[in-house]
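Notes to accompany the following structure.
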Amino acid sequence: MQNETSTQRPPSHLFYHSRLRRPLVDRAEGIYLWDQEGRRMIDGSSGAMVVNIGHGNRNVLDAMKRQMDRVTFAYRLHFENEPAEDLARMAAERLPEGMDRIFFVSGGSEAVESCIKLARQWALAVGQSERWKVISRFPSYHGGTLGALGVTGYAALSDPFSPMMREMPKIPAPTAYLDRDNLTMEQRGIKYADMLEEKILAEGPESVLAFIMEPIGGASTGALVAPDSYFPRIREICDRYGILLIHDEVMSGVGRTGKFLGGDHWNCKPDLIALSKGFASGYCPLGAMAAPSRLVKPVLDAGGFQHGFTYAGNPLACAAGVAVLNEIDRLGLIDNAARMGEVLKGELERLSERFPFIGDVRGKGLLLAAEFVSDRETMKPLPKELNAHQRMVDMAYERGLIIYSRRTRGGVEGDHFLVCPPMIVTREEIGSITAILGDTLEALAAELDLPVNR
């Protein structure tokens with residue numbers, strides 16, 4: 001096992017390493033990575049839900065090499081570049097009708113910041129300067145910058161910085177699977193959506209600018225899927241009060257859930273979209289804000305978008321993005337994510353029959369999670385001192401499988417793990433993933449004295 005610091009490796013000057021040193025990566029291909037000692041690992045989480053098309057795709061690498069031979073950087077105020085123009089067109093063709101203006105960034109936090117800042121500048125441009133509050137959900141995660149943390153609902157990440165930022169209003173995430181009431185799922189969806197209206201009225205409708213949400217939850221809620229009734233009601237409430245609806249599709253976008261966007265499952269059309277992660281599939285840092293001309297034009301007419309990043313529209317990153325979208329189409333990966341997601345979800349549900357401490361399996365496509373509980377009837381979480389989510393990750397890693405985990409209940413408790421392999425995954429590879437998960441859950445149950453159905 002390569003988790004401990006090797007006596008043959010010098011101390012690291014990096015300080016983003018966590019509790020343990022990990023092996024030095026050597027190469028990657030498909031759904032696999034190898035360390036420098038030749039050990040193969042299955043990338044069961046696509047990194048941090050990033051590598052949607054898998055590692056080492058030769059067509060993407062060749063496209064990047066061709067671009068590298070031409071130009072790798074040209075500042076957007078000095079030159080336009082063909083890859084950025086092509087990628088903007090290709091993205092607009094795949095997005096909901098009217099989302100025809102694209103602003104490129106380097107990652108998800110920047111994409112969210114861009115959406116928030118464009119929304120505010122639009123309000124100023126149209127004479128609604130009193131609008132500045134962005135309502136979000138708790139728990140949620142929207143990025144690591146101070147602006148994105150202000151709309152993030154994850155105490156462990158945001159609390160240390162609370163004196164330095166403007167924290168925005170929150171409403172509960174639609175965790176209907178935890179509810180123990182007499183309502184139907186449709187009624188629960190309406191109940192959670194109506195919390196947005198209650199918050200708008202409490203804050204003062206004239207002060208509320210936007211509502212931001214992940215259409216399908218990320219790590220903070222463990223692939224949370226709201227009841228179907230939630231989405232049209234949210235859109236209706238936003239329209240009623242003139243609130244902009246922002247979809248954070250950083251994790252759920254670009255095919256991972258079996259549709260190009262997570263929101264496409266409900267034909268829910270937002271006003272702004274944040275994209276990243278799978279947009280360039282980890283081949284280059286890349287993200288984007290998508291917006292309609294009706295929001296962009298007033299801002300440009302008022303003097304321009306007062307915002308930007310050095311690497312916005314970088315030609316190398318955009319060349320990677322173009323190649324990634326081409327490969328998604330060529331290989332039919334969105335359809336494969338939908339099909340293989342059903343297979344993988346079925347396997348996780350079968351594991352839940354063996355391991356009663358799995359209280360819920362959820363998600364769409366290849367954005368899936370399983371949550372641990374002490375009692376399925378009450379959905380009481382496991383004692384947080386067991387640190388079950390991290391032990392699950394570490395024990396799977398020891399067995400050659402990389403997965404991802406967080407805590408669903410504000411980051412404090414509610415252990416879950418995410419299984420999100422690349423969209424190229426096959427049935428056979430899903431079999432290998434679930435076999436290792438089964439062995440890992442057996443070991444976890446033995447270590448933590450958790451029940452198993454034999």
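Quick note: residue numbers are just sequence positions, from 1.
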Practice task
For R256 and S46, test the side chains for any donor-to-acceptor distance below 3.5 angstrom and give the result as yes or no.
Solution key: yes
Handout entry: Interatomic spacing from CE in M289 to CD1 in I246 - rounded to 0.5 Å
Key = 9.5 Å
Practice task
Return yes if a side-chain donor-acceptor contact under 3.5 Å exists between H142 and S136, otherwise no.
Solution key: no
Problem - Donor + acceptor pair across side chains of R399, Y397 (<3.5 Å) - result: no
Exercise for the section: Using a strict 4.0 Å threshold on nitrogen-to-oxygen distance, state whether E442 and R354 make a salt bridge. Expected result: yes
Practice task
Report yes if the distance between the aromatic ring centroids of F372 and F417 is under 6.0 Å, otherwise no.
Solution key: yes
Handout entry: Test item: side-chain donor near acceptor, K117 and H307, under 3.5 Å
Key = yes
Practice task
Answer yes when R94 and D329 have at least one side-chain N-carboxylate O distance shorter than 4.0 Å, and no when they do not.
Solution key: yes
Practice task
Apply side chain to side chain donor-acceptor pair (under 3.5 Å) to D335 and list each qualifying residue two or more places apart in sequence or on a separate chain.
Solution key: none
Problem - Rounded distance (nearest 0.5 Å) linking atom CG of L444 with atom CZ of R391 - result: 7.5 Å
Practice task
Evaluate the ring planes of Y311 and F73, with Trp represented by its six-membered ring, and classify them as parallel (under 30°), tilted (30 to 60°) or perpendicular (over 60°).
Solution key: perpendicular
Problem - K269/E97 ion pair, N-O < 4.0 Å - result: no
Exercise for the section: Could you tell me whether R21 and D35 make a salt bridge, using a distance below 4.0 angstrom between a side-chain N and a carboxylate O? Expected result: no
Practice task
Tell me yes or no: between the side chains of S432 and E429, is some donor less than 3.5 Å from an acceptor?
Solution key: no
Practice task
State whether W132 and R166 meet the cation-pi test: NZ (Lys) or CZ (Arg) under 6.0 Å from the six-membered ring centroid, and within 45° of the perpendicular axis.
Solution key: yes
Exercise for the section: Could you verify whether a donor N or O on one side chain and an acceptor N or O on the other, from S405 and Q390, lie under 3.5 Å apart? Expected result: no
Problem - Cationic N near anionic O, under 4.0 Å, R89 to E93 - result: yes
Handout entry: Residues D179 and Y192: side-chain donor-acceptor under 3.5 angstrom
Key = yes
Problem - Under 3.5 Å side-chain donor-acceptor pair for E214 and Y141 - result: no
Practice task
Indicate yes or no: does R235 engage D271 in a salt bridge with an N to O separation below 4.0 Å.
Solution key: yes
Exercise for the section: Decide yes or no on salt bridge (Lys or Arg N to Asp or Glu O under 4.0 Å) for D360 and K345, but give the supporting numbers first. Expected result: CA-CA 11 Å; D360 192 51; K345 190 175 184 183; over 6 Å; no
Exercise for the section: Using a strict 4.0 Å threshold on nitrogen-to-oxygen distance, state whether E347 and R350 make a salt bridge. Expected result: yes
Practice task
Please work out whether the ring planes of F103 and F305 are parallel, tilted or perpendicular, with thresholds of 30° and 60°.
Solution key: perpendicular
Practice task
Salt-bridge test for D62 and R58: reply yes if a basic N is under 4.0 Å from a carboxylate O, no otherwise.
Solution key: yes
